[in-house]
Amino acid sequence: MKEQIALLLNGAIEALKAEGKLPADLEPNIQVENTRDKAHGDLATNLAMTLAKPARQNPRAIAEMILQALPASTVVDKAEIAGPGFINFFVNDAAIYSVVAEVLEQTDQFGRSKPTSDDRVQVEFVSANPTGPLHVGHGRGAAYGATLADLLEAGGMNVEREYYVNDAGRQMNILAVSVFLRYLELLGDTITFPANGYQGEYIRDIAAGLKQSQGDALQCSLDDLYLDVPADEPAGGDKELHIDGLIDRAQNILGAQYRTLFDAGLDSILGDIREDLGEFGVNYQCWFSERSLTSSGDVDEALKRLDDKGYLYEEGGNLWFKSTDFGDDKDRVVKRANGQTTYFASDIAYHMNKFERGFQTVINVWGADHHGYITRVKAAIQALGYDPERLVVKLVQFAILYRGSERVQMSTRSGSFVTLRELRDEVGNDACRFFYVTRKADQHMDFDLDLAKSESKDNPVYYIQYAHARICSVLRKLESEGMAWDQAMGLESLERLDSEAERDLVTALGKYPETVKHAAANFEPHQLANYLRDLASDYHTYYNGHKMLIDDEALRNARITLSVAVRQVIANGLTILGVSAPEQM
RNA sequence: GCGCCCAUAGCUCAAUUGGAUAGAGCAACGGCCUUCUAAGCCGUAGGUUGCAGGUUCGAGCCCUGCUGGGCGCGCCA
């Protein structure tokens, strides 16, 4: 529809140029927009206003000329000038109502675009360290990332979803030692748990599993384990040195068996995360291991490429990347004096690997606390010879958790947090998925647990699902009354739908495809969520004012046809959001 | 101190990316169930878009400076 109007406008401009009424070198940017106010027609353009300056004429005068030059069209009933120079278009009812047939023909494909190129897009999201269960903060990233990926797919892109597994590094070693101590505890030792260890109950569960599979094969004496380990913080020492000492001892004592301990923690937690996300409707094409970057030689390769280009230098025994050449505040260490590469080095290799795998665009969904990291990663990408624009980082702000008016403090280390699983159990997957993406991702969000749990009926997701269920109910009722829906008759009788509510509803349906495109183009799932709420609202209004099951056969079929089209669009939209469309509530 | 994000109705958030009279949901108040699902509908009330300038036909949106809040500034991951 918009395209058709734009074509008409373009025709008018060309004609005016040919007549010499507008400068021949004018390059108009034709924008056709939906009107907010029905008094302004269905569609509008600000074209005359944008041309006012380059054409050096009064906008209303230009609008007048455009109107005169506008080619005839079967779509436009009326066009008029309004306000400072808007041209408002009133679209023919038949053109507007044609969307109903379109929806019924295309069914679940309505609003979806076919891929226009072979370009592949990767969305990497959640990627939480596997040191504990996912909490509600991760939930937002999960819901946003999954919805974004589905939305981009609906928008016609080839999307792959990936989880970066941080299965290397100090945090994982701390996890291993935490499990080890709980394991020794189960074998009868009395231990003093380190201040910097992972305190959560789940550590004991992992330790129990380890004991079951390994028996006492990993047992060692506490005297041996604590040999020369610096004192912990509560004992007047340093908690970091203490835990590092324990890691060192555990590795020395267990030797090759350390891997068993380490993997027991990793496998258990990663398995739990997978299951959790799966139940949440979040699925990945790839779980990418950080450790594999080292074994595959990608880290060395990435550093070599940087070195070849002259972006590495040595200072104080460390190897530095000259990220300041690309706008970073300071240069960054990629390899320590002890020969260990840093996490940043892995990340450089990881992004190199992504591009080498052939992704045209790479989208990273990160928690807002990682924003300081963007510059250096982009610097590395650029230094490696890739266009940094091909990396898009979407920051997701924290969901601040409240119980009533009290803020809930979250810490993975201390084990005090609300897990995603707990939230899902209480609130339900549908409400969770929907609630998380109703707000713009870069907006801080308050999540009141009491409200979400106790008054879950007030959650807007039910409002949309209810509209879907209502339509299903009408169809059930229709059948039980011995009537049948005649789609062909309904489509032929659409002109009988002449009330304001009906026209509004059809107009709303027509906006679905552009809503999906717009939301995808801006990486903003909340636009789709808002659209669906508005569509449901339009339907509830309609439902309350119009009876479907009436004797007038043509009108009945027309109304049911419209309702079925609405049901289809709601279902299509909810599918993208990862929310179910129940037939009954 | 430097950098990034944010500030819209009592609360939680929108606003088609610079368009016309800033909109929803909660909460408050008043109506609507003998009738297809009341998890619904209709109505009332609620605003100097944090403050001060600037850009232009036009600013919640762009620019500058303040104020207030969140986050980040490791050879942690």
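Any value given below was found using the heavy atoms of this structure, including those in side chains, with hydrogens, waters and symmetry copies removed. Here is the naming used below: chain letters follow the sequence lines, and residue numbers restart at 1 for every chain.
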Worksheet item: Sequence neighbours excluded, which residues qualify as side-chain contact (heavy atoms from CB on, under 4.5 Å) partners of A:Lys477?
Response: A:Ser480, A:Glu481, A:Leu549
Practice prompt. State whether the number of non-hydrogen atoms from other residues, nucleotides or ligands found under 6.0 Å of A:Glu553 atom CD is greater than 12.
Written response: no
Worksheet entry | Touch class at under 4.0 angstrom, heavy-atom based, for A:Ala44 against every strand present | base
Fill in: salt_bridge(A:Glu162, A:Lys354) N-O dist < 4.0 Å
no
Discussion item. What is the separation between atom CG on A:Asp244 and atom P on B:rA77, rounded to the nearest whole Å?
Written reply: 10 Å
Practice prompt. Select from A:Leu475 and A:Ala168 the residue whose nearest nucleotide in RNA chain B is closer to the 5' end of that strand.
Written response: A:Leu475
Worksheet item: Expressed as a whole number of Å, how far does the C1' atom of B:rA24 sit from that of B:rU8?
Response: 13 Å
Worksheet item: Do any side-chain nitrogens or oxygens of A:Arg336 fall under 4.0 Å of OP1 or OP2 in B:rC76?
Response: yes
Worksheet item: Base, sugar-phosphate, or nothing for A:Lys53, non-hydrogen atoms under 4.0 angstrom?
Response: sugar-phosphate
Discussion item. Using the P atom as the point on both nucleotides, what is the distance between B:rG70 and B:rU55, in whole Å?
Written reply: 35 Å
Item to complete: Starting from P on B:rC76, measure out to CE on A:Met172 and report it in whole angstrom.
Response: 18 Å
Fill in: Atom-to-atom span, CD of A:Gln584 to C1' of B:rC36 - whole angstrom
14 Å
Discussion item. What's A:His546 touching, base or sugar-phosphate or nothing? Going by heavy atoms closer than 4.0 Å.
Written reply: base
Worksheet item: Counting only side-chain N and O atoms of A:Tyr463, is one of them less than 4.0 Å from OP1 or OP2 of B:rC41?
Response: yes
Worksheet item: Is there a side-chain contact between A:Arg559 and A:Glu502 (heavy atoms, below 4.5 Å)?
Response: yes
Worksheet item: Expressed in whole Å, how much space separates the C1' atoms belonging to B:rC13 and B:rA38?
Response: 26 Å
Practice prompt. Tell me, with the steps shown, if A:Asp347 and A:Arg376 meet salt bridge (charged side-chain N to carboxylate O under 4.0 Å, His left out).
Written response: CA-CA 10 Å; A:Asp347 231 10; A:Arg376 80 188 70 162; over 6 Å; no
Item to complete: Answer yes or no: is there a side-chain heavy-atom contact under 4.5 Å between A:Tyr542 and A:Leu497?
Response: yes
Discussion item. Taking the P atom in each of B:rU48 and B:rA9, what is the distance between them to the nearest angstrom?
Written reply: 9 Å
Response to the item:
For nucleotides 9-18 of chain B, 5' to 3', base contacts (B), sugar-phosphate-only contacts (S) and non-contacts (-) with protein non-hydrogen atoms under 4.0 Å give ---BSSSBB-
Practice prompt. Could you tell me whether A:Phe344 contacts a base, only the sugar-phosphate backbone, or nothing, with contacts defined as non-hydrogen atoms closer than 4.0 Å?
Written response: nothing
Practice prompt. Give the rounded distance in Å between these two atoms: NZ of A:Lys547 and C1' of B:rU37.
Written response: 12 Å
Item to complete: Could you tell me whether A:Gln487 atom CD has more than 12 heavy atoms of other residues or ligands within 6.0 Å of it?
Response: yes
Fill in: Nearest-angstrom distance from the residue atom OH of A:Tyr462 to P of B:rC26
15 Å
Fill in: Secondary-structure stems for RNA chain B, with pairs counted as Watson-Crick or G-U when both distances are under 3.5 Å and runs at least 3 long
B:1-5 with B:69-73, B:10-13 with B:23-26, B:28-32 with B:40-44, B:50-54 with B:62-66
Worksheet item: What's the spacing between A:Ile203 CD1 and A:Gln199 CD if we round to 0.5 Å?
Response: 9.5 Å
Worksheet item: Could you state the OH-P distance from A:Tyr373 to B:rC76, rounded to the nearest angstrom?
Response: 12 Å
Item to complete: Kindly confirm whether the side-chain ring of A:His370 is stacked on the base of B:rG72, judged by centres under 5.5 Å and planes under 30°.
Response: no
Practice prompt. Pick base, sugar-phosphate or nothing for A:Ala82, based on heavy-atom distances below 4.0 Å to the nucleic acid.
Written response: base
Worksheet entry | Assigned glycosidic conformation for B:rC33 [threshold 90° from 0] | syn
Fill in: A:Phe86 aromatic ring stacked with six-membered ring of B:rA20, 5.5 Å and 30°
yes
Worksheet item: Touch check for A:Asp538, heavy atoms < 4.0 angstrom, all strands: base, sugar-phosphate only, or nothing?
Response: nothing
Practice prompt. Indicate whether the side chain of A:Gln465 and that of A:Asp430 have a donor and an acceptor atom separated by less than 3.5 Å.
Written response: yes
Fill in: Spacing of A:Asp369 atom CG relative to B:rG74 atom P, expressed in whole Å
15 Å
Discussion item. By the 4.0 Å heavy-atom rule, please label A:Thr541 as base, sugar-phosphate, or nothing.
Written reply: sugar-phosphate
Item to complete: Go through the N and O atoms of the side chain of A:Asn318 and the base of B:rC75, and report whether any donor-acceptor pair is under 3.5 Å.
Response: yes
Item to complete: Considering only atom P, compute the distance from B:rG30 to B:rG72 and round it to an integer number of Å.
Response: 48 Å
Fill in: Residue pairs passing the side-chain hydrogen bond (donor to acceptor under 3.5 Å, both in side chains) test where at least one lies in residues 311-320 of chain A, sequence neighbours excluded
A:Tyr313-A:Asp331
Discussion item. Going by the glycosidic torsion and a 90 degree boundary from 0, is the base of B:rU17 oriented syn or anti?
Written reply: syn
Discussion item. By the side-chain hydrogen bond (donor to acceptor under 3.5 Å, both in side chains) test, which pairs, at least two apart or in different chains, include something from residues 503-513 of chain A?
Written reply: A:Lys38-A:Asp504, A:Asp42-A:Arg503, A:Asp93-A:Arg503
Worksheet item: Reckon A:Lys330 touches a base, only the sugar-phosphate, or nothing at all at heavy-atom distances under 4.0 Å?
Response: sugar-phosphate
Fill in: B:rG46 versus B:rA22 - spacing of their P atoms, nearest Å
14 Å
Worksheet item: Mind checking the C1' distance from B:rG53 to B:rU67? Whole angstroms is fine.
Response: 15 Å
Practice prompt. Among A:His40, A:Arg60, A:Met49, A:Glu80, find the residue that satisfies the side-chain contact (heavy atoms from CB on, under 4.5 Å) test when tested with A:Phe86.
Written response: A:Met49
Worksheet item: So which one's nearest nucleotide on RNA chain B is more toward 5', A:Ile87 or A:Lys477?
Response: A:Ile87
Worksheet item: Which is true for A:Ala52 with a 4.0 Å heavy-atom rule: it touches a base, it touches only sugar-phosphate, or it touches nothing?
Response: nothing
Item to complete: State whether the distance check finds a donor on one side and an acceptor on the other, under 3.5 Å, for side chain A:His371 versus base B:rG3.
Response: yes
Worksheet item: Are any of A:Tyr466's side-chain N or O atoms less than 4.0 Å away from OP1 or OP2 of B:rA39?
Response: yes
Practice prompt. Quickly work out the A:Asn544 CG to B:rC36 C1' distance and round it to whole Å.
Written response: 11 Å
Discussion item. If the cut-off is 4.0 Å, is A:Arg556 near the phosphate of B:rC36, judged by side-chain N/O to OP1 or OP2?
Written reply: no
Item to complete: Under the side-chain contact (heavy atoms from CB on, under 4.5 Å) rule, collect the residues that match up with A:Leu67, sequence neighbours excluded.
Response: A:Leu70, A:Ala79, A:Ile81, A:Ile87
Worksheet entry | Same-atom distance (C1') from B:rC2 to B:rU56, integer angstrom | 34 Å
